[in-house]
2 protein chains.
Amino acid sequence: MTTEISPLRVHELVEIRLRQGQLRYTKGRRAIVEVLLSLGRPAGISDIERGAPDVPRSSAYRHLVDLQAVGAVRAVSANGDFTLFELSEDLTEHHHHLLCVVCGNITDVTPSADFESVIAEMVRSLTRETGFDPVSHSLDVSGHCAACAERIGNSL
Amino acid sequence: MTTEISPLRVHELVEIRLRQGQLRYTKGRRAIVEVLLSLGRPAGISDIERGAPDVPRSSAYRHLVDLQAVGAVRAVSANGDFTLFELSEDLTEHHHHLLCVVCGNITDVTPSADFESVIAEMVRSLTRETGFDPVSHSLDVSGHCAACAERIGNSL
DNA sequence: CTACTTGCAAATGCTTTGCAGGAGA
DNA sequence: TCTCCTGCAAAGCATTTGCAAGTAG
């Protein structure tokens, strides 16, 4: 059920979306998509800088704005200190985040189809009375990642 | 099932928590809690400034840091541009957010107990294999609020 | 009097923008 | 060639901090 999309296909889709916005899929933009693709978790500007050292910060920010504008990238505000970026879910797959409150790491988890249909149903029931028209949802779980949980256990 | 907590009781609880951190419940801090209490939705620094004009920005930020440190306030990073703050859920009640992607408004919705137990069960199943120890979760729904949905409908 | 508070002004750090040169179609 | 792209340096803006004076216990 997991709709896998190949990296090649992702680049193709990103290019199409950029084109629709009169934008080109240049080396810098591709490098950023490459980083987001390979990282497997939301990337901060520092991750991007590390993964694409040839792209200056200011250009990276500009690219990210463009990529968001055409719906290829989504911003995830984690803690407020800085912004994280990830590929749009329709380019990868719908997933949720596990945020470790100790080390700050974010892990992606892909829910089962069953899981998602239940959530979708609940979201509908949650919004029914308010007149709110739901488009998407995000379920983030805060807690302790395996490593930090162990560390805490040990220090007791 | 909805555990209502009176404003008075909230102040009391906040004071206790501050005390435990060797902090005093001063006029400035009280003013901020008052704003968060009366606003009924996550407050930006501008909301706080408007609701508590006597508290300078820098002090407000400092208070918010303190209030977060003692677990009375929680930061909600909405869009990444700036931070929103709300009272800790154990001072009010657990709720979720409806974010309008058009006007940016955030509305709180309180889920039923049934709803929550299902979510909790799903979170457990989601984290079971990863060794992640879940502490809390947030389910945010993006979409169009009633007003914006209507506006969009009309413009077709 | 000792420790926590506050306000102001200055500093910080992420992010955006102006501008001038470069490149794709 | 016209439009989009890129880099650098400078600017913006939310948030933090140093410091000196204020206040509660």
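Since we're looking at a predicted model, the values are computed, not measured. Chain letters run A, B, ... following the sequence lines, proteins first and then strands; every chain starts at 1.
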Just the rounded figure in Å: distance from [atom2] of [N] to [atom1] of [X].
X	N	atom1	atom2	value
B:Y61	C:dC8	OH	P	16 Å
B:E49	D:dC13	CD	P	15 Å
A:L18	D:dC4	CG	P	13 Å
A:H63	C:dT16	NE2	C1'	14 Å
A:R29	C:dA23	CZ	P	16 Å
B:R30	C:dT6	CZ	C1'	18 Å
A:L23	C:dG24	CG	P	16 Å
B:L67	C:dT5	CG	P	10 Å

Hey, what's the ring geometry for A:Y25 with A:H11, parallel, tilted or perpendicular (30° and 60° as the breaks)?
-> tilted

Output, in order, the C-alpha distance, side-chain angles, deciding distance and verdict of side-chain hydrogen bond (donor to acceptor under 3.5 Å, both in side chains) for A:S112 and A:D114.
-> CA-CA 5 Å; A:S112 69; A:D114 280 2; 5.3 Å; no

Look at A:R19 together with A:E15 and state whether they make a salt bridge at an N to O cut-off of under 4.0 Å.
-> yes

Look at all strands and tell whether [X] reaches a base, only sugar-phosphate, or nothing, counting heavy atoms closer than 4.0 Å.
X	value
A:R62	base
B:T26	sugar-phosphate
A:F82	sugar-phosphate

Assign each of B:R24 and B:S58 the nucleotide of DNA chain C bearing its closest heavy atom; nearer the 5' end lies the nucleotide of B:R24

By nearest nucleotide on DNA chain C, pick out whichever of B:D81 and B:D54 is the more 5' one.
-> B:D54

The residue, B:I45 or A:P56, whose nearest nucleotide of DNA chain D is more 5′ is A:P56

In terms of the nearest nucleotide of DNA chain D, which residue is placed more toward the 5' end: A:S59 or B:T83?
-> A:S59

Check the hydrophobic clustering (I, L, V, M, F, W, Y; side-chain heavy atoms under 4.5 Å; chains of links allowed) and say if A:L84 and A:L67 are grouped together.
-> no

Quick one: closest heavy-atom pair of A:D108 and A:G40, and the distance?
-> OD2-O, 3.1 Å

